[in-house]
Amino acid sequence: MTGIANLLMVNLDSPDPAALAEFYHQLLGWEVTHSQAEYAMISDGTTSVGFGLVDDYQAPAWPNPGGTKQFHFDFGVDDLDKAEELCLAAGATKPDFQPGGERWRVLIDPAGHPFCLCPRG
């Protein structure tokens with residue numbers, strides 16, 4: 001099926017756009033293409049992720065009983081343990097609630113957005 005559009009960019013709210021861009025640069029290896037206090041961006045040359053400053057930013061909850069989490073990324077990795085280790089070293093945290101058991105890992109980025117590490121394939 002051919003869609004009517006292609007995804008160019010996703011923008012995330014952030015209390016510190018430059019720091020969040022650096023975190024995702026480390027996670028994905030994408031180039032930081034813009035970095036200022038109020039806005040930062042990374043890109044793989046086709047798709048970009050932007051990070052916009054929001055005053056009084058409130059991180060989403062995890063787990064999500066109140067419905068405050070509106071999205072999350074799933075990232076494919078070759079080695080769950082190694083990817084988790086590298087993400088934690090880059091500034092992610094690991095919440096106690098892990099609904100995937102050992103099948104995938106939920107981590108929280110430095111701004112409080114949950115994301116998952118999943119085995120490739």
Side-chain angles (χ1 to χ4, degrees):
M1 180 176 145
T2 302
I4 61 169
N6 62 306
L7 180 64
L8 298 176
M9 183 172 200
V10 174
N11 285 282
L12 304 180
D13 293 347
S14 174
D16 187 343
L20 203 54
E22 179 60 26
F23 172 80
Y24 281 102
H25 159 72
Q26 290 182 43
L27 179 66
L28 296 171
W30 292 12
E31 179 184 355
V32 176
T33 57
H34 185 84
S35 185
Q36 291 183 301
E38 65 278 351
Y39 191 79
M41 182 187 315
I42 62 170
S43 179
D44 69 353
T46 302
T47 306
S48 299
V49 179
F51 309 94
L53 180 64
V54 172
D55 292 330
D56 299 322
Y57 172 80
Q58 298 285 323
W62 180 261
N64 186 27
T68 59
K69 180 183 75 72
Q70 297 181 9
F71 77 94
H72 72 271
F73 288 119
D74 287 347
F75 297 111
V77 300
D78 292 324
D79 182 322
L80 282 174
D81 293 330
K82 183 67 173 176
E84 178 182 321
E85 177 184 323
L86 293 171
C87 288
L88 293 173
T93 56
K94 184 176 181 181
D96 292 333
F97 181 59
Q98 294 290 319
E102 288 301 310
R103 295 178 302 171
W104 70 83
R105 311 280 165 77
V106 177
L107 298 178
I108 308 295
D109 76 16
H113 303 108
F115 66 93
C116 293
L117 299 175
C118 307
R120 288 191 208 267

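Just so you know, these numbers use all the heavy atoms, side chains as well, and skip hydrogens, waters and symmetry mates.
- With a 4.5 Å cut-off on side-chain heavy atoms, P114 and F73 do not count as touching.
- Partners of H25 according to the ring-ring contact (aromatic ring centres under 6.0 Å, His included) rule, which considers only residues two or more places apart in sequence or in another chain, do not exist here.
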**Request:** Evaluate the side chain to side chain contact (heavy atoms under 4.5 Å, CB included) criterion for residues V32 and M41: first the C-alpha distance (whole Å), next the side-chain angles of each, then the deciding distance (0.1 Å), finally the verdict.
**Result:** CA-CA 6 Å; V32 176; M41 182 187 315; over 6 Å; no
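- Here the closest heavy-atom approach between residue P17 and residue G52 is recorded as CG-C, 3.8 Å.
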**Message:** Between S14 and L53, does the side chain to side chain contact (heavy atoms under 4.5 Å, CB included) criterion hold? Intermediate values first, please.
**Reply:** CA-CA 5 Å; S14 174; L53 180 64; over 6 Å; no
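- Cluster membership for L20 and V10, using ILVMFWY side-chain heavy atoms within less than 4.5 angstrom, is shared.
- The aromatic rings of F75 and Y24 lie tilted to each other, with the angle between the two planes from 30° to 60°.
- Taking a 4.5 Å side-chain heavy-atom cut-off between Ile, Leu, Val, Met, Phe, Trp and Tyr, the cluster of W104 extends to W62, F97, V106, I108.
- The side-chain heavy atoms of F51 and N11, taken from C-beta on, include no pair separated by under 4.5 Å.
- By the 4.5 Å heavy-atom criterion applied to side chains, R105 and D81 are counted as neighbours.
- By the 6.0 Å contact criterion, CG on D96 is open, its count of non-hydrogen atoms from other residues, nucleotides or ligands being 12 or less.
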**Working for side chain to side chain contact (heavy atoms under 4.5 Å, CB included), residues Q36 and H34** = CA-CA 7 Å; Q36 291 183 301; H34 185 84; 3.0 Å; yes
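- Listed by first and then second residue, the salt bridge (Lys or Arg N to Asp or Glu O under 4.0 Å) pairs involving residues 11-26 amount to none (not counting sequence neighbours).
- Atoms CG and CD, on L80 and E85 in that order, are 12.5 Å from each other to the nearest 0.5 Å.
- Taking all atoms of both residues into account, the shortest heavy-atom contact from A111 to A59 is O-CB, 3.4 Å.
- With contacts defined as side-chain heavy-atom distances shorter than 4.5 Å, the pair S48/L8 does not qualify.
- In this structure, L86 is not a member of the same hydrophobic cluster as L28, with clusters built from ILVMFWY side-chain heavy atoms closer than 4.5 Å.
- Taken to the nearest 0.5 Å, the CG atom of D109 stands 7.5 Å off from the CG atom of L12.
- Taking the side chain as every heavy atom from C-beta outward, M9 and V49 never approach each other to under 4.5 Å.
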**Item:** Steps toward side chain to side chain contact (heavy atoms under 4.5 Å, CB included) verdict (I42, T33)
**Value:** CA-CA 5 Å; I42 62 170; T33 57; 5.9 Å; no
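- Listed by chain and residue number, H113 satisfy the ring-ring contact (aromatic ring centres under 6.0 Å, His included) test with Y57 (two or more places apart in sequence, or in another chain).
- Looking at T93 and L107, their side chains never come closer than 4.5 Å, going by heavy atoms from C-beta outward.
- Evaluation of the salt bridge (Lys or Arg N to Asp or Glu O under 4.0 Å) rule for E38 yields no partner, not counting sequence neighbours.
- The cluster map of Ile, Leu, Val, Met, Phe, Trp and Tyr, joined by side-chain heavy atoms under 4.5 Å apart, puts L117 and L88 in the same cluster.
- The side chain to side chain contact (heavy atoms under 4.5 Å, CB included) check on A90 picks up F23, Q26, with sequence neighbours excluded.
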